[in-house]
Amino acid sequence: MAKKNKKNSKINQKIKYYFDDDPFDVGIARVSTQTLSELFTTLGIYDIDQSRDMLIKMARMLWSEADSGFRADILNFFAHENKIYKSTTPKEPSLERDDKIDALIGELHVTHEEAVLLHEAFADVRSKKITIEKMESKLRHIRYNLKKERVQKKADGVFDIDDSLEFNASLFYTLYGQSFHKILTLNTKKYEYDYLQESDEESIIEDIGKEKERAVEKKQQEINSFIKNLPDPHPYLTQKEIANALRASPPKTKVSYPLLKEGILSSIITGELGEVEIDLHNEELLVQMQQHCKLPYTDIEQPYNLELHVELNSLLEDIWKGNKLDFSEVINESKKEHEEQFLSDLASLVEECGSYAVLLHLGSADLYAKVYDVMLEMLTPSLTLSAKIARKSVKRFVHSIHDEIAKKQRYELLARTIRDFKNLFPLARDMRRKLTLHIGPTNSGKTYQAMQKLKSAGTGYYLAPLRLLALEGYEDLKDSGIEASLITGEEQIVSEDATHISSTIEMVNFDVDVDVCVIDEVQMLDDRDRGWAWANAIIGAPAKEIIMTGSPNAKEAIIALAEYLGEELEIIEFERKNPLTLLESPVHEKEVEESTAIIAFSRKDVLKLKQVFSKYFSVSVVYGNLSPEVRREEARRFRAGETQILVATDAIAMGMNLPIKTILFSKAEKFDGVNDRTLLPSEIHQISGRAGRFGLHEKGYVGALSGDVLSIIKKNFHKEAKTITIPFKVMANLDHIKLVGSILEEKSLHEILKFFVKNMEFDGPFVATNLDDMLEASVLVDSYDLDLTTKYHLACAPLTLKSPYITAAYESYLGALEKKMPVTYTTPPLLGSYAQTTDELLRAEDMVKEISLYLWLSYRFSDYFVDDQRARASRGILNKFIENSLQQSQLATKCRMCAAPLPPNSPYGICQSCFKKNYTGHGVNRGYRGK
């Protein structure tokens, strides 16, 4: 309490100064109404009556009740105003203090001037604190100052703070044929206090006079030497600039060299550093120049203004002496210091932002990129990451990742929802299903027995790997007196009374339960692109009994699936019905017998082989690019004996029942969609098994057209096929896609598919399938304004995006669906009744594929694809055109550069003339290296 009272007492004494030594309560009455209002505003008091009486009353109340802090605020207000409010009442002098001062002065020997100065010195000191000792001390100080004043006046100068005498002197300059005098401010040496105090004035003045002469002489020598040593010519300054600088230099500066105008300095520095801005101060030059800082984890070079603090005296020294100006050290040091501070602050900001984004598991590069997105636009040109910018950046960052955090949380919810894949097929899980596996080699009757079981069931499904086999299954059921429907991607023959459905495996309906479901060629589980369809069907087909047919290497995989599903599995093994013999030596083309199938692995090779064997036989051809109708017709011709041999790809390996006695391989390698590789034992077994059809030929024979191919066939013929292993590929159907889309709140099919492929984990033996083709199609469909269901169906459409013809048609269909416009089908023109070249044949095959795509879409979007009948009619015409073309003995190929006909069976894609012109040194094109 004592300390508080002491502090208040000091404030009370100080406030009297502004009220003409009156106390606050008296002096405040002399303050104007406006000043009182300003006082209360400064104190943060606004809600108060603005009448003068109320303001004075309120001020007195505050002063009397306030603590020392509040009183100090009031004192500071009047100190800042620095106005004395004089009293109108005459004041009686304080006789007690003045009498004491006079009494003490009487004890000292002082002059009148000294007496006056002592009165002034003690005018504000309380009487009881005035002593003779203090008076004597103050007198000595007064006398010392009076002595210094007399010396300064006689010596014509002023003592500086360090007690050297500062004086003005006239110096002489002679340069470039001109002379002039200039007044400069100089200093003598420093004088000690005791010397000035004790020495007589005349001696001091005499000493100072000599010192002044020495200082002037020394400065004149410095000037003469400075002028003499100026470079001529000067590298930075003209003679006029030098003379003007010396004339204009102020008498007194804090630098040792003559000052230069800011414009001259700017010109000199710009010449050294390029475009810069300068700001001249007393002792330094501030240079602003643009630099770039490479931001971490990016290629961004962030521009910023670098401030260089250049010592003015050193710079002027180098300029006047004509030294080479080298700013590299100061730039590098400043740049390093500035950027290190920025990068340190940036790292702290990123760390703080990262703490809010833990759920996103962002890598350093991604995290920095997101911070840049919110920070860079606020960054000042000085590259200073202030606390305010950092706070705003964090706030914007948190806002920017809000949706991603929510999406991540939805991801985790989705993963928990559909992790157990089998539960995505509720109807199948509600049934007590039995699984039956028919395994054995080709021509063992395994599919026949499964179909017999299907025919005896009240209701059933036959799921085929190909549209052609689905059609054969449909016709088999119809021939057995069973009412059936056919459902494939592009064709539906639906009977309201149907008890059985034959369909391609991708078209299975998981919402229709039946008694028996036959899943053919179950070893396709291992197919890179379509294996998911078999896995989905085995897991989700809603049938009391699932009968699967396939090769022995699928056995372990089906056992693993049954264990995962917890369902009963019966395995029935079948033996081949007639023997299969491997030929010991290759068969020459002239030695080939009728009922032989020549196997190749590309359309190009099939057509070349057809031309070769057409010299000796009538030939049927089968390859994947042909429509099912043409393949079926070609197979019929061979089966009916209208043709003697068959040239085919491995498209005949699944389910085509043909009267083949001998299989001959033309090659032992195939392109699997990724690489060229040697045939697998399972592929050799599957193709070879088509030889020696039971009931037609007692034996089947397998060989090759050449010794090297036969060697590979022999090596793998007796090997066991590689066992199909887990995990199995699975794929989301439309319901799953909708579920993912709804949980993720995502409308982009591409993003949903990417999520399914990259993020899904399953409790069972599954991985998400390779959806490269569907992902590629989804990029196209996402660019159109379509609903998710429409996008999904469009992305599942049978199309070959490698074909420009198909792709163009596909995109035109997408545009029409977006605009909700009907899509008509225009019959393409054909020249003649058959193709003249292989290119014409390929175009006709693409036209059939376009029709297949059109019909496939017509079943899903019947309101828009309205010309299905015309499309079917065109397909019939095109199929006949292709069949006629295939029956020709020769099809020409053309040079891809000049379109000239190539010789039959030419291994090259260009003619001899184009080759010589472009690739033998006579032309300029060196880029081509392929056939």
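These figures come from a predicted structure and were not determined experimentally.
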**Request:** Could you tell me whether Arg432 atom CZ has more than 12 heavy atoms of other residues or ligands within 6.0 Å of it?
**Result:** no
**Asked** Looking at Trp532, is Arg530 sitting on its ring face, NZ or CZ under 6.0 Å from the six-membered ring centre and within 45 degrees of the normal?
**Response** no
**Fill in**
Closest non-hydrogen contact found for Ile599 with Ser666 is O-OG, 2.7 Å
**Fill in**
Interatomic distance, CG@Asp526 vs OG1@Thr723, rounded to 0.5 Å, equals 10.0 Å
**Check against side chain to side chain contact (heavy atoms under 4.5 Å, CB included), Val647 and Tyr623** = CA-CA 9 Å; Val647 179; Tyr623 52 86; over 6 Å; no
**Request:** Spell out, as yes or no, whether a donor-acceptor pair under 3.5 Å connects the side chain of Lys446 to the backbone of Pro441.
**Result:** yes
**Asked** What distance do Gln869 atom CD and Ser874 atom OG have between them, rounded to the nearest 0.5 Å?
**Response** 11.0 Å
**Prompt:** Is Lys478 paired with Glu475 through a side-chain N to carboxylate O contact shorter than 4.0 Å?
**Reply:** no
**Complete:** Between Val606 and Ala600 the two heavy atoms that sit nearest each other are CG2-CB, 4.0 Å
**Request:** Among Asn553, Ile558, Ile439, find the residue that satisfies the side-chain contact (heavy atoms from CB on, under 4.5 Å) test when tested with Gln523.
**Result:** Asn553
**Asked** Lys555 and Glu573: salt bridge (charged side-chain N to carboxylate O under 4.0 Å, His left out), yes or no, with the steps?
**Response** CA-CA 10 Å; Lys555 180 178 178 180; Glu573 299 189 9; 3.2 Å; yes
**Heavy-atom pair of closest approach, residues Val522 and Gly550** = CG1-CA, 3.8 Å
**Request:** Please answer whether the main-chain N or O of Leu463 pairs with a side-chain N or O of Asp520 as donor and acceptor at a distance below 3.5 Å.
**Result:** no
**Asked** Judged by atom type as modelled, is there a donor-acceptor pair below 3.5 Å linking the side chain of His500 to the main-chain atoms of Glu483?
**Response** no
**Prompt:** For Glu593, does the CD atom have more than 12 heavy-atom neighbours from other residues, nucleotides or ligands under 6.0 Å away?
**Reply:** no
**Message:** Checking the side chain of Arg433 only, and the main-chain atoms of Ala541 only, is there a donor and an acceptor separated by less than 3.5 Å?
**Reply:** yes
**Item:** Steps toward side-chain hydrogen bond (donor to acceptor under 3.5 Å, both in side chains) verdict (Thr549, Glu521)
**Value:** CA-CA 6 Å; Thr549 71; Glu521 305 290 357; 5.9 Å; no
**Request:** Using the side chain to side chain contact (heavy atoms under 4.5 Å, CB included) rule, take Ile752 and Tyr792 through it: C-alpha gap first, then chi angles, then the decisive distance, then the call.
**Result:** CA-CA 10 Å; Ile752 294 173; Tyr792 175 82; over 6 Å; no
**Request:** Using modelled atom types only, decide if a donor and an acceptor are shared between the side chain of Glu634 and the backbone of Val621 within a distance under 3.5 Å.
**Result:** yes
**Asked** Is the shortest distance from a Lys or Arg side-chain nitrogen in Glu584 or Lys714 to a carboxylate oxygen in the other one below 4.0 Å?
**Response** yes
**Side chain to side chain, Lys661 and Thr596, heavy atoms closer than 4.5 Å** = no
**Request:** Assess whether side-chain hydrogen bond (donor to acceptor under 3.5 Å, both in side chains) is satisfied between Thr581 and Lys699, documenting all intermediate values.
**Result:** CA-CA 7 Å; Thr581 302; Lys699 286 185 177 182; 4.9 Å; no
**Item:** Sidechain N-carboxylate O distance under 4.0 Å for Glu567, Lys422
**Value:** no
**Request:** Taking the six-membered ring for Trp and the full ring for Phe, Tyr or His, determine whether the centres of Tyr859 and Phe865 are under 6.0 Å apart.
**Result:** no
**Prompt:** Charged N to carboxylate O under 4.0 angstrom, Lys880 versus Glu633?
**Reply:** no
**Asked** Can you tell me how far the CD1 atom of Ile713 sits from the CG atom of Leu583, to the nearest 0.5 Å?
**Response** 11.5 Å
**Prompt:** So which heavy atom on Arg637 is nearest to which on Val619, and how close?
**Reply:** NH1-O, 3.9 Å
**Glu575 and Ser444: CA distance, side-chain angles, deciding distance, side-chain hydrogen bond (donor to acceptor under 3.5 Å, both in side chains) verdict** = CA-CA 5 Å; Glu575 298 292 334; Ser444 61; over 6 Å; no
**Asked** Can you check whether Ser858's main-chain N or O pairs, donor with acceptor, with Asp868's side chain at less than 3.5 Å?
**Response** no
**Request:** List the steps and the verdict of side chain to side chain contact (heavy atoms under 4.5 Å, CB included) for Ile571 and Ile559.
**Result:** CA-CA 9 Å; Ile571 300 176; Ile559 290 173; 3.9 Å; yes
**Message:** Keeping Asp513 on the side-chain end and Pro542 on the backbone end, is there a donor-acceptor pair under 3.5 Å?
**Reply:** no
**Item:** Any side-chain heavy-atom pair of Phe665 and Leu679 under 4.5 Å
**Value:** yes
**Asked** Between Lys453 and Glu545, is there a side-chain N and carboxylate O pair less than 4.0 Å apart?
**Response** yes
**Item:** Closest non-hydrogen atom pair, Ser485 against Ala498
**Value:** OG-CB, 3.3 Å
**Request:** Give the C-alpha distance, both sets of side-chain angles, the deciding distance and a yes or no for side chain to side chain contact (heavy atoms under 4.5 Å, CB included) between Leu569 and Leu437.
**Result:** CA-CA 7 Å; Leu569 173 64; Leu437 175 62; 4.3 Å; yes
**Ile546 CD1 to Leu561 CG distance, which is reported to the nearest 0.5 Å** = 12.0 Å
**Message:** Which heavy atom of Phe638 sits nearest to which heavy atom of Thr643, and what is that distance?
**Reply:** CA-OG1, 3.2 Å
**Side-chain donor or acceptor of Arg576 paired with backbone N/O of Gly689 under 3.5 Å** = yes
**Step-by-step salt bridge (charged side-chain N to carboxylate O under 4.0 Å, His left out) determination, Arg603 to Glu845** = CA-CA 11 Å; Arg603 173 184 178 275; Glu845 292 166 0; 2.7 Å; yes
**Near-ring test Phe574/His438, centroid separation under 6.0 angstrom** = yes
**Prompt:** For the atom pair CD1 (Ile538) and CG (Leu565), what is the distance rounded to the nearest 0.5 Å?
**Reply:** 9.0 Å
**Asked** Which value, rounded to the nearest 0.5 Å, describes the distance between Ile572 atom CD1 and Gln449 atom CD?
**Response** 8.5 Å
**Prompt:** Tell me, do Trp534 and Ile519 make a side-chain contact under 4.5 Å, heavy atoms counted?
**Reply:** yes
**Item:** Given Thr678, Asp650, Asp676, Thr649, the one that forms side-chain hydrogen bond (donor to acceptor under 3.5 Å, both in side chains) with Lys670
**Value:** Asp650
**Item:** Aromatic ring pairing Trp856/His793, orientation class (parallel under 30°, perpendicular over 60°, tilted between)
**Value:** perpendicular
**Request:** Would you check if the side chain of Tyr462 reaches a backbone N or O of Thr504 as a donor-acceptor pair within less than 3.5 Å?
**Result:** no
**Request:** Take atom NZ of Lys455 as the centre, draw a 6.0 Å sphere, and report whether it contains more than 12 heavy atoms from other residues, nucleotides or ligands.
**Result:** yes
**Message:** Assess the residue pair Ser495 and Asp497 against the criterion (side-chain hydrogen bond (donor to acceptor under 3.5 Å, both in side chains)); give the C-alpha distance rounded to whole Å, side-chain angles, the decisive distance to 0.1 Å, and a yes or no.
**Reply:** CA-CA 5 Å; Ser495 169; Asp497 300 324; 4.9 Å; no
**Request:** Among Thr789, Leu775, Ile737, find the residue that satisfies the side-chain contact (heavy atoms from CB on, under 4.5 Å) test when tested with Leu749.
**Result:** Ile737
**Prompt:** For Asp515, does its backbone N or O pair with a side-chain atom of Thr459 as donor and acceptor, under 3.5 Å?
**Reply:** yes
